[in-house]
Amino acid sequence: MNLRKIVKVFIPRGLYRKVEPYGHLVEAAALNLQKGGSPARNLKVIGVTGTNGKTTTCFLIYQMLHKAGYKVGMMTTVGYGANGEIKPQVDHMTTVPVPKLIKRLQELKGQDIEWLVMETTSHALVQRRDWGIPYSLGVLTNMSHEHLDYHGTFERYVAAKQLLFKRVNRNRKGLRTGVVNADDKVADKFTSLVKNPLTYGI
């Protein structure tokens, strides 16, 4: 039994939900520092979030960049890799635990990539499992009433997704750009969060 499971046994569920993000944050910060800084440093990272269509959107962006001649990596629910070679994702989660995330970032960085397309979940954003990743551009596919078992309300679910765009806007070395589906009912809650908002229609 690992430490996280032991803690879950002794801490009430409600309290665990409140302290969990700090645990992931400390873990991410410690592992990044142990590796001499974030493996994602100096990468141009495109974070893709939303309820549906994240994986497909990641593959489309990845293929466009790859075919255009860019050195690009990708991490999604079904696969990860770089420069035309994608390995199957065997973990049953989109954004893998911090130790594996750091290991994969190192692996992709070792393949000399310049861009990374990363499927980013609301859980990972709230839990800060993505700490140290310099998002340059954020993409929102759509929002619907899912994952409320974890977030509690639709408003909190939206707020979790907004964290990606806020982190994009804080990256002064990045594009500070957000791409949003204009047909989605919460589109306006995202376009105002970045310096360079772009919208598209389906």
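The model shown is predicted, which means the values in this text are computed figures rather than measured ones.
Screening residues 58-69 for salt bridge (Lys or Arg N to Asp or Glu O under 4.0 Å), with sequence neighbours left out, gives no hits.
Interatomic distance, I102 CD1 to W131 CH2, rounded to the nearest 0.5 Å: 8.5 Å. Rounding to the nearest 0.5 angstrom, the gap separating the CG atom in L163 from the OG1 atom in T49 is 9.5 Å. Of the inter-residue distances, the one linking I133 atom CD1 with L164 atom CG reads 10.5 Å to the nearest 0.5 angstrom. Atom-to-atom distance recorded for E114:CD and K71:NZ is 6.0 Å, nearest 0.5 angstrom. Between atom CG of residue L175 and atom CG of residue N169 there is a gap of 11.5 Å, rounded to the nearest 0.5 Å.
Between the side chain of S122 and the backbone N or O of Y157, no donor-acceptor pair lies under 3.5 Å. Panel note: side chain R167, backbone L125; a donor-acceptor pair is recorded below 3.5 Å. Here the side chain of N181 pairs no donor or acceptor atom with the backbone of L140 at under 3.5 angstrom. Side-chain N or O atoms of N142 include none that pairs as donor or acceptor with a backbone N or O of D184 at under 3.5 Å. In this structure, the side chain of K54 engages the main chain of G50 through a donor-acceptor pair within 3.5 Å.
Side-chain atoms of S136 and K44 form no donor-acceptor pair, as typed in the model, at a separation below 3.5 Å. Checked by atom type, the side-chain pair T55/E119 shows a donor-acceptor distance below 3.5 Å.
M74 and V78 fall within the same hydrophobic cluster, defined by Ile, Leu, Val, Met, Phe, Trp and Tyr side-chain heavy atoms under 4.5 Å apart, directly or through other members. By the criterion of side-chain heavy atoms lying less than 4.5 angstrom apart, applied directly or through intervening Ile, Leu, Val, Met, Phe, Trp or Tyr residues, F59 is grouped together with Y70 in one hydrophobic cluster. Y200 is connected to L137 through a chain of hydrophobic side-chain contacts under 4.5 Å among Ile, Leu, Val, Met, Phe, Trp and Tyr, so both are in one cluster. By the criterion of side-chain heavy atoms lying less than 4.5 angstrom apart, applied directly or through intervening Ile, Leu, Val, Met, Phe, Trp or Tyr residues, L60 is not grouped with V179; the two fall into different hydrophobic clusters.
By the 4.5 Å heavy-atom criterion applied to side chains, S144 and N52 are counted as neighbours. Side-chain contact between L108 and M75: present, with at least one pair of heavy atoms (C-beta onward) separated by less than 4.5 Å. The side-chain heavy atoms of V180 and T191, taken from C-beta on, include a pair separated by under 4.5 Å.
Taking every heavy atom of both residues into account, L101 and R129 meet most closely at CD2-O, 3.2 Å. Between V168 and G138 the shortest heavy-atom distance is CG2-N, 3.6 Å. Pairing each heavy atom of S192 with each of D188, the nearest pair is OG-O, 3.5 Å. Nearest heavy-atom pair across G73 and I113 is N-CG2, 3.8 Å. Across all non-hydrogen atoms, the minimal contact from P39 to K109 is O-NZ, 3.1 Å.
Cation-pi geometry between K189 and F154 is not satisfied (NZ or CZ under 6.0 Å from the ring centre, within 45° of the ring normal).
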Dump the intermediate steps for side-chain contact (heavy atoms from CB on, under 4.5 Å) on I86 and T76, then the final yes or no.
CA-CA 10 Å; I86 303 299; T76 73; over 6 Å; no

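Legend: residues meeting salt bridge (charged side-chain N to carboxylate O under 4.0 Å, His left out) with R176, ordered by chain and number and at least two apart, are absent. Listed by chain and residue number, nothing satisfies the salt bridge (charged side-chain N to carboxylate O under 4.0 Å, His left out) test with K103 (two or more places apart in sequence, or in another chain). V72 meets the side-chain contact (heavy atoms from CB on, under 4.5 Å) test with Y62, L65, H66, W115, V117; sequence neighbours excluded. Residues meeting the ring-ring contact (aromatic ring centres under 6.0 Å, His included) test with F190, sequence neighbours left out: F165. Partners of E107 by salt bridge (charged side-chain N to carboxylate O under 4.0 Å, His left out), not counting sequence neighbours, listed by chain and number: K87.
Checking T177, N171, D130 one by one against Y135, the side-chain hydrogen bond (donor to acceptor under 3.5 Å, both in side chains) holds for a single residue, D130.
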